[in-house]
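This report concerns only the one structure given below.
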Amino acid sequence: WLKRISRALAPPLRASSPFCVVWATEKDASQLKAHPVFFHEIVSVVTLSFNLCHVERGFCPSLLQWHPTKPLLAVGWETGETMLLSHPSGELTPLPNNTHNACITVLEWSSNGSRLVTGDQAGVMAVWRVDARGKLQGSPLIKHDYSKPLTCCIFRPPPPAEDVAMLARAAVSGDESALDMFNWKKSNKGAAFALGSQEGLTFYISTADGSVYNVDEQARSVPLVSVESKIQTMWYSKRRDVLAVVTDSLLLSQFSLGPEGIAQEISKVKLSGRGVQHADIVWTENGLLITASGEQHIRLWDVELDDHYALSLDESLGFEKGELLNCVSFCTSKRKILAAGTSRGRVALWHMVTVSDQKGDTKIHWKLQTPAEVEGNISQLQWGSSSHLLAVCSSSSCVVILSEHVLCSHYSQQMAAVQLTPAQLSLANFNTNTHITFHTDTHIRAVQVTKDTVAVWNGKYITVYEPSGQTLHSTGSFQCESPALVVHEENIYTVEPNRVQIRTPQGTVKQLLAFSEAEGNPTQLSVCGSYLAVGTDTCHVRVFDLTRREAKAMGVMKNLSELIPDLGALRSVKCNASGSQLSVLIAQVNGRPDNKVYFYDIELDTLSHFDFFTGRPESSLEDVLVVTFFVTQEHGLLLQDSQPKPATLLSLLALDTPYYYYICKGGDQVVSTPTAAPQVPSSPQMVVRRALRDFVGLESCEKQTRDAMLNFSFYLTIGDMDEAFKAIKLIKSEAVWENMARMCVKSRRLDVARVCLGNMGNARAARALRNTEKEPEVEAQVAVLATQLGMLEDAERLYKSCGRFDLLNKFYQAAGQWQQAVETAETHDRIHLRTTYYSYAKHLEAMGDKNLALVYFEKSDTHRFEVPRMLMEDNLSLEIYINKMKDKDLYKWWGHYLESQSDMEAALHYYDLAQDYLSQVRVYCYLGNIQKASEIANETGNRAASYHVARQYEGQDEISQSVHFYTRAQAYNNAIRLCKENNLDEQLMNLALLSNPEDMMDTAMYYEEKGTHMDRAVMLYHKAGHVSKALELAFATEQFGALQLIAEDLNENSDPALLARCSDFFIKHAQYQKAVELLVAAKKYHEALQLCLDQSLTITEDLAESLTVPKDSSHLSEAGRKELLEKIADCCMRQGNYHLATKKYTQAGNKIKAMRALLKSGDTEKIVFFAGVSRQKEIYVMAANYLQSLDWRNDPEIMKNIIGFYTKGRALDLLAGFYEACAEVEIDDYQNYEKAYGALTEACKCLTKAKGRTFDLLEAVRVCESLLEEKDLDPAVRVGDVYGFLVEHYCHHGNFQQAWSKIEDLRSTRPNINLSLYVSQTSLEALQNAAGVRLVYRDTDTHAAEDDEEVEEDENINH
């Protein structure tokens, strides 16, 4: 049977490892030294063969169970006898006879195989210990009698243990925690780590009454769950911690297991199929339940996905009709093989393959293979621990162990041999084109062929056969246990320790090729042409020349370990046809296949390599590739071609120019989930050949042409176009040029392709290639070339690789592959989806498939036109289609058609279905039933229908009805026209208001010309947007009400002259508020403000905002804007609107006046806030002075603000005065002298600070001068003090003239003032001396009364 072996250590896609190398078998005339090919997936074929290990009894075996890690089989018999059978030695180890006396029903190994559980039909259960050698250790560890037949048993998987290797790496790198875990004793950083086996010894066992018991490591058996009938099988989900059981009635129950051994049922499902007593049920690791119950198929249930399907046999693979499947066994290794035993003694094998689609969804496919056969009815199967052993129990009272064997194959000199069964070969002679199926007398372990002989090795003997007609006859046989075997001409080459034997077909040793101990034992033999390549287990290689009578060594023995780092072992050693190059595949020290293929040049003693991890062709996305190279001494390693392995073929067998030779997938069949269809079995021919890329169409060419093509390909690869064309210049064959053009598709050399097309005379292809130069992608241009050359698959692949799905869609359409075109449009080219549907529908119509064409016309949304056109000749089908679609457009079209046929009643019916009210009204009017038409127009309100009825009424001079329906149709101009013609002025106004501005203007002119209803004319002019005309007419007719309505719509965008005129009108009629608004709209802010002042209009906040000019306005400068704002604020002050005045002063930037306005408002909260945000000394002082007028004695917050404002305003003298006032309050009101003392202390501090400060004298003089200029000087400030300060200042600085001037000013202001009260005596004397004038002033006593009066006045003021 055929089987694909998956990669043991699967690398990623781009890290694929080469696994097979073949060389061209002949030297050519182009000085090319090699032509190897490589695969990227381990693909081999296996077969099951019989072994001599077996045991027989006079009664039937009842149960088999393989050891999980060793080739050790536990066998239970119906008499209770139990034994261990070792493979391949056949050694038997029986269990004690007194353990079981009934039929064995339970055999189960623990995860590591250190425990074996046995159970019988009487209910006796025993647990045995098995050592590391697979030997039974004495009596059972546990023995328990359940008194009921035992049915099945499973071990609970152990918890995940620490990764010792990972801990070791971490410890070496310096991780102290990891290092401590290797201690046998407890460390201070955690519990001690114990090395050893991490094996779960807890298991579950079930009885015939449906009970499940939990048996732990301390031999305690505790009931866990119970179901209604006998349990057939159990399965434990480690990921979900769920125990699943299946009864003989196929009832699946799932139980969730808690941490303390408590089970809770979570689901119960009845599986499909007929439940029988002896159904064989197995579980896979991912929760797939597989059942064989004596039917012609086996059933599979996916518990995780809740899905189920069935697998059946195929008679074309050797199965018989009516053959029943009795038992199953699933190999849980990476290869995923399902084995099933049949009632006719055949072992059916399915290989499970997981396939991912374009959406990323995965599906499971099952590939059925040719069966192995045993005697009798197979009752039980069990896979072995190494996954290549299968134990088969049959009704012939024997147990047979089948082993897996890699399929043998070989090709040489146009002869190919492929193994079909353990003792059957398929031979193909390509020279004579004959095929022979040959049965040998022994099992086949290796095969070698030449043109005259076939050598078969069974592991112990080599038998040589020669052709004789349609069969083979043996010519010799000899004993040989060589692990490697090759044949060349009349010689057979075998190996033994440290040497290669050259034998005759009868086994006589002719020559020995010796190897030293350091060179190792030969393990790899390969013959190509007349050269033998040998590789040893110590990684040495050597080539021998076989052209002479005796083999002669070439070059020196080479140790590849010196050239290749991390070399573990040789996997393949092969030479080329000239013996100058060796290709080598290796395994690394860790056992992983290397990503590189190495080439050793024997003559130059150099090593080169190609890395498939970094050098894999970018355009190739397939998993399996055939890659060809040129290997020369001059140019080294050159990548020549890369192509995917044909999906219908299994593996590459050989390369013999101009062909690849492949092994077919003979006998394979794919069975999958219900969505997959089975493949048709292939031909029994096991080897097929495919032409190389360069020789497609030239398979039978002569050697000269073949050499020229190879030279052309080589020079094309190295880029030497001159030599490439020289190589083929003498070739006149059009087929050769066409083939070279095909090569250009593979190499993407469009320049060479143009030359080839020219020599072919293919003008159409040349023109298509020239037209495609506008495409930016090279792949798209090459795809056009491939299409012109008939290489449709290559064109398809190229379009996909460059992502040009639009061109791929066109390609599919041109090729007639409409399903692929539709799928491409639906998934990748949705912009052309409807176009694709339409084109496909037209194609179907042309092919006569009108039913399917209807579907795609509908998908393209063109059915409303295309379907009636297509079915026009079949009116009955067309009417049925229209009634079925219930499409309004189709109803309407059909109504038009019936109307054209004068079938008015039917037409009206379809117009009604289509809700085509215009057509209904038109037909009714045609029939003279205008009343019915009017009803339809009124009920539906359809504008087109109403317009048609209005036209009909107008034609009958029914003006009122016509106007009514024109109005419903919103054809107001027609209605207005009729109203004008028939003097219907009352309706005219309403219609004009509903219509557009043009109609309004026309109607207004109509009213104006008639001289009546001037108010309507004004309104219509206004509504039409002709405001100037409306105002002009309103002024002329003195319609003040209309003027007011028009003025409401005026704004800043209106004509300023118009606004001014309207404002004058409103002023004239005492409508001052409206006049102000219009002046503001006209940007005449000063006039508006003056009008407010003149007419005492209250300035509201809205009006003030409208009078406020924006900062970026072009109507006023910034200074003018501030002036306007201050005027607005002054007006607000007069009207007592202090808050608004404060706002406007602030906007004008005059915060002092803003604060004064706010002080007049008395809003303490806003005063405090404004002072805080203004951050000006004067405002702070003003706010503090205001707050002193409040009840600060009882409000600490006010007192706090006073102190804070005086401090921020640097008015320390005023602050000292406030502290003095506070001290007076404390003494007078509260007699609290301590607080008064504290206040006075603070006042003293303030005065001290004030005296220590330096003042700007010039600023002080300026302030004093400004105080004297104020008309309404605060009474608290004495004029004499101000003058005295100035006089003192000028005298101190020697400016006596200015001092005298101030004295004169003071005397003019206060003639009787006493100067000595305001100016010091020293300053007065200095002034007298400087001026030479005696000043007359009153002394203190004389004018005491006057001073007392001033003080009294000041006190009154303060009070």
Side-chain angles (χ1 to χ4, degrees), residues 50-67 71-109 116-126 128 130 136 140 143 145-153 205 207-208 230 232-233 248 276-281 292-294 324-329 339-347 372-384 389-402:
F50 291 100
N51 271 279
L52 299 178
C53 175
H54 69 281
V55 61
E56 294 187 9
R57 291 288 187 271
F59 39 82
C60 292
S62 60
L63 204 58
L64 305 174
Q65 192 70 28
W66 281 101
H67 190 280
L72 185 65
L73 179 66
V75 184
W77 304 82
E78 61 183 8
T79 61
E81 181 183 358
T82 308
M83 63 180 64
L84 301 180
L85 176 62
S86 179
H87 176 82
S89 64
E91 180 182 356
L92 292 175
T93 304
L95 272 65
N97 292 330
N98 57 353
T99 305
H100 298 288
N101 296 318
C103 179
I104 298 297
T105 57
V106 170
L107 284 177
E108 187 69 23
W109 293 95
L116 173 64
V117 179
T118 62
D120 59 25
Q121 200 165 7
V124 177
M125 181 271 293
W128 307 84
V130 180
L136 196 65
K143 189 173 182 180
D145 189 357
Y146 290 95
S147 301
K148 290 181 285 292
L150 302 177
T151 57
C152 58
C153 171
I205 191 166
T207 59
K230 178 181 176 181
Q232 286 287 91
T233 183
D248 56 359
V276 296
Q277 292 293 329
H278 301 290
D280 194 11
I281 303 175
S293 55
L324 304 180
L325 294 161
N326 299 327
C327 52
V328 290
S329 180
T342 73
S343 58
R344 307 291 173 84
R346 294 183 178 86
V347 179
E373 298 184 7
V374 298
E375 294 182 0
N377 181 9
I378 299 176
S379 59
Q380 189 177 355
L381 296 173
Q382 182 66 45
W383 281 101
L389 299 178
L390 179 66
V392 181
C393 177
S394 66
S395 60
S396 60
S397 301
C398 67
V399 176
V400 178
I401 299 178
L402 303 179

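- Smallest separation of non-hydrogen atoms from Gln382 and Leu64: OE1-O, 3.8 Å.
- Classification of Glu81 and Arg57 as a salt-bridged pair holds, one side-chain N sitting under 4.0 Å from a carboxylate O.
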- Message: side chain to side chain contact (heavy atoms under 4.5 Å, CB included), that's the test. Do Leu73 and Leu389 meet it? Break it down for me.
- Response: CA-CA 10 Å; Leu73 179 66; Leu389 299 178; over 6 Å; no
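- Residues forming a side chain to side chain contact (heavy atoms under 4.5 Å, CB included) with Ala122 (at least two apart in sequence, or on another chain): Ala102, Asp120.
- Leu402 and Ala372 make their closest contact through CD1-CB, 4.2 Å (heavy atoms, listed as atom of the first residue, atom of the second, distance).
- Put simply, the side chain of Leu150 does not reach to within 4.5 Å of the side chain of Gln121, judged on heavy atoms.
- In this structure, Asn326 and Asn377 have side chains that are in contact, with non-hydrogen atoms separated by less than 4.5 Å.
- Qualifying side-chain hydrogen bond (donor to acceptor under 3.5 Å, both in side chains) partners for Glu108, counting only residues two or more places apart in sequence or in other chains: none.
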- Message: Test side chain to side chain contact (heavy atoms under 4.5 Å, CB included) on Tyr146 and Val124; report intermediate values, then the result.
- Response: CA-CA 6 Å; Tyr146 290 95; Val124 177; over 6 Å; no
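- Closest approach of Ile104 and Gly80 over heavy atoms only: CD1-O, 3.6 Å.
- Here the rule is side chain to side chain contact (heavy atoms under 4.5 Å, CB included) with Cys153, and of Leu107, Val106, Thr105, Thr118 only Val106 fits it.
- Glu78 meets the salt bridge (charged side-chain N to carboxylate O under 4.0 Å, His left out) test with no other residue; sequence neighbours excluded.
- At a threshold of 4.5 Å between non-hydrogen side-chain atoms, the residues Leu84 and Trp128 do not count as touching.
- There is no side-chain donor-acceptor pair under 3.5 Å between Thr82 and His100.
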- Taking it one step at a time, do Trp109 and Leu72 satisfy side chain to side chain contact (heavy atoms under 4.5 Å, CB included)? CA-CA 11 Å; Trp109 293 95; Leu72 185 65; 4.0 Å; yes
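- Each of Leu136, Val130, Leu85 was checked for a side chain to side chain contact (heavy atoms under 4.5 Å, CB included) with Thr93, and the lone residue meeting it is Leu136.
- Contact of the Cys393 side chain with the Ile378 side chain is not registered, since no non-hydrogen atoms from C-beta on lie closer than 4.5 Å.
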